[in-house]
Amino acid sequence: MLYDLAIPAQLTAALLPDLLLMGGAMCLMLLAAWKRDSAHHQRTVGYASLGLLTAVFGTVAWMALRHDATNTGGVIAVDGFRFLVDLVVLLGAAGTIALAIEHNDRDGITQAESHVLVLFAASGMMILAAARDLMVVFLGIEIMSVAVYVLAGLDRRSPRSAEASLKYFLLGAFATGFLLYGMALIYGATGETQLNRIGNAVGSLQLAKDPMFLVGCGLLLVGLGFKVAAAPFHMWAPDVYDGAPTPITAFMAASVKAAAFAAFLRIWFEGFYFGWAGWANATWWLAVVTMVVGNVVALQQKNIKRMLAYSSIVHSGYLLVAVTAASAFASTAFTFYVLAYTLATFGAFAVVATMQPAGTTDARIADYEGLWHVRPWLATAMGVYLLALLGFPVFGGIGFFAKWYLVQAALASPSRLSALAVILVVTSVISAGYYLQVVRAMFMQPRPADAPAPPAAGVLTRTVMVVTAALILALGLFPSQLVAITKDNGFRPYPFSPALQMGLPQMDPLANK
Amino acid sequence: MRHEFFPLFYSFHFYLFGLLAIASALLFVTRKSPVAAAMWLVNVMFCLAAEYVLLGAQFIGAIQVLVYAGAIMVVFLFVVMLLNLGHAEAVTDLRGNAGRLAAGFVGLAMLAEVMVLAQSEFAAELTPKAALARQAAEAIDGPGGVIGPIAAPLFREHLLAFELTSMLLLTAIVGAVVIGKKREGGDAR
């Protein structure tokens, strides 16, 4: 179905899954407020949220299978890229709620609204995946962020959770200032907020060297770099990831990042494509600094949550390679990578949540020593997730193909980013240092005699682990299906060129690099 | 509403809202309960908005309601109630059934007035004088009135952004409640 977004009814139809999620979340908000907070009510709302997410997932899949589309104008996009990112985000939200139901039970968190906030954040993420207008991008980012600020501080009895929430909120508000100022300057330089019109203006007005446009790009880069935790804007990430309840940490590390990157990619590919010569150096260096800093600091971590936080920073660096490559192939590699990363991250944090003693946020790597001898399946699952994050062949399943695909995208880009691809591979090798350290501790060291037995995982947590591990391995053995799906649903950078077709010279900004 | 057509109606309402505003302002500074004081301040804002509309500045009137009475005062009340400073039940200004009846009567009277005005708006031929006033207003401000040029793009081109903003505000409110709500069993670990 082809939508004409100028007609309100069709705009509504194009936003069907988003509206379903928002409306359902509001109903669940009323359900959550209906009764006093209790462990039982928290579980009820949690299960209802999972049901809602399933319905939305089905709607998105249905629209994707119908190959719904829209023309290139309008405030939102209806394309395969949006639907794929939506599905990944919904998977993440469902994983978060599944983990949170049991984690809340164990830590005595009874606010039923916590699940509703996850749904609100997910709706903001879906808006981000669709946004084709800077205003909508901003609102999507804020709906997502405001909900996550609160979620980080959910554990009201933990001072570290409160610290995480406040730190994230203050720094996030600061980053929002950069984002808005950047958008204002872009509007000043192009006179537009819709991405296709910005794209036309950047091409026809030759803005690649325009100071106002470039400063706007730079400020936008700072704002989005904060949201995706790219170095040097990553300082908040380890403290916030460490202090927040573990399911929320997984949500922040996987879904928030995926959604923010989706908007990042769309703005840069559709809006700023013809400014490539101006901004490519900035994203190139941002990618390199993020990869190097994240990896080097991750090597020194003793706490597994902080280690995974730095690992998530590193993965931002890898994804920035896709942004720099600026090609249809890069968008394909991006969706593939984001799915692999989301699966591995949720699996790893499910294990971390299980291993944490109730009521603490401590998660030392030393606790994992000899895990193989007491809980072999748990250790095996964690091994799969870490190897997937590392990008190890066969045992890391889909993770290897994700990274390989990303390197291919960098090399196949018209600008031939071979140096960036080399740095990606070298830093991946460095990352073996900390991923394999945990694997070594689990499999090759004896269990200390005084170590307490790890608590048993709940049914939902176990489901999350089994599903993620199975998907990682199965898609790793048969990746061609997924490759075909992502290939069909990549999006061409700068898909619209009415202004350029009308007499203006066709130019390829990547040709001279 | 142009006063050259309805001088009595105009001056009656102008002084009525002026006096109401002054009375509400006095009540605002003399109340003991912060919630009651804030409510009276909201009332001042509403009366001022009515004055602006009578002066022909409809847009400022609408913004007065939206920004001052709507946004700022509601946030103010929200903070007062969240921090539990209000104790509204202890120092309520409406005592007994007589007060409630009076409040209900005033509410119904205002509703009736709005209904009558809305009807005369849609059937402007009801009185020739009203139709004349309407034509004069349209000659000056255009068909949508003063607010039209702002309202039309807001609810057409930027409809999605507008609705998303309300979603953002709802998220923020739910978040504030989740963070601010008192825990049963205490907060300290």
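Chain letters run A, B, ... following the sequence lines, proteins first and then strands; every chain starts at 1.
- B:M167 places a side-chain heavy atom less than 4.5 Å from the side chain of A:M26.
- Heavy-atom neighbours of chain B within the stretch residues 13-25 of chain A, taken at a separation under 4.5 angstrom, comprise A:L15, A:M22.
- Shown here are the side-chain hydrogen bond (donor to acceptor under 3.5 Å, both in side chains) partners of A:T59, two or more places apart in sequence or in another chain: there are none.
- Around OH of A:Y3, the count of heavy atoms belonging to other residues, nucleotides or ligands within 6.0 Å exceeds 12.
- The nearest pair of heavy atoms linking B:V178 to A:Q111 is O-NE2, 3.5 Å.
- Here OG1 of B:T171 is found 10.5 Å from CG of A:L139. Values are rounded to the nearest 0.5 Å.
- Listed here is the closest heavy atom pair of B:L168 and A:I143: CD1-N, 3.6 Å.
- Residue contact with chain B, scored on non-hydrogen atoms closer than 4.5 Å, is absent for A:L151.
- Judged as a side-chain hydrogen bond (donor to acceptor under 3.5 Å, both in side chains), and not counting sequence neighbours, the contacts of A:T246 are A:K305, A:Q356.
- Rounding to the nearest 0.5 angstrom, the gap separating the CD1 atom in A:I127 from the CG atom in B:L164 is 4.5 Å.
- Using a 4.5 Å cut-off between heavy atoms, A:T12 makes no contact with chain B at all.
- Within the 4.5 Å cutoff, no side-chain heavy atoms of A:Y149 are placed close to those of B:I179.
- Looking at residues two or more places apart in sequence or on another chain, you find no salt bridge (charged side-chain N to carboxylate O under 4.0 Å, His left out) involving A:D133.
- Of the residues considered (B:L159, B:L169, B:T165), B:T165 shows the highest number of contacts with chain A, using heavy-atom pairs under 4.5 Å.
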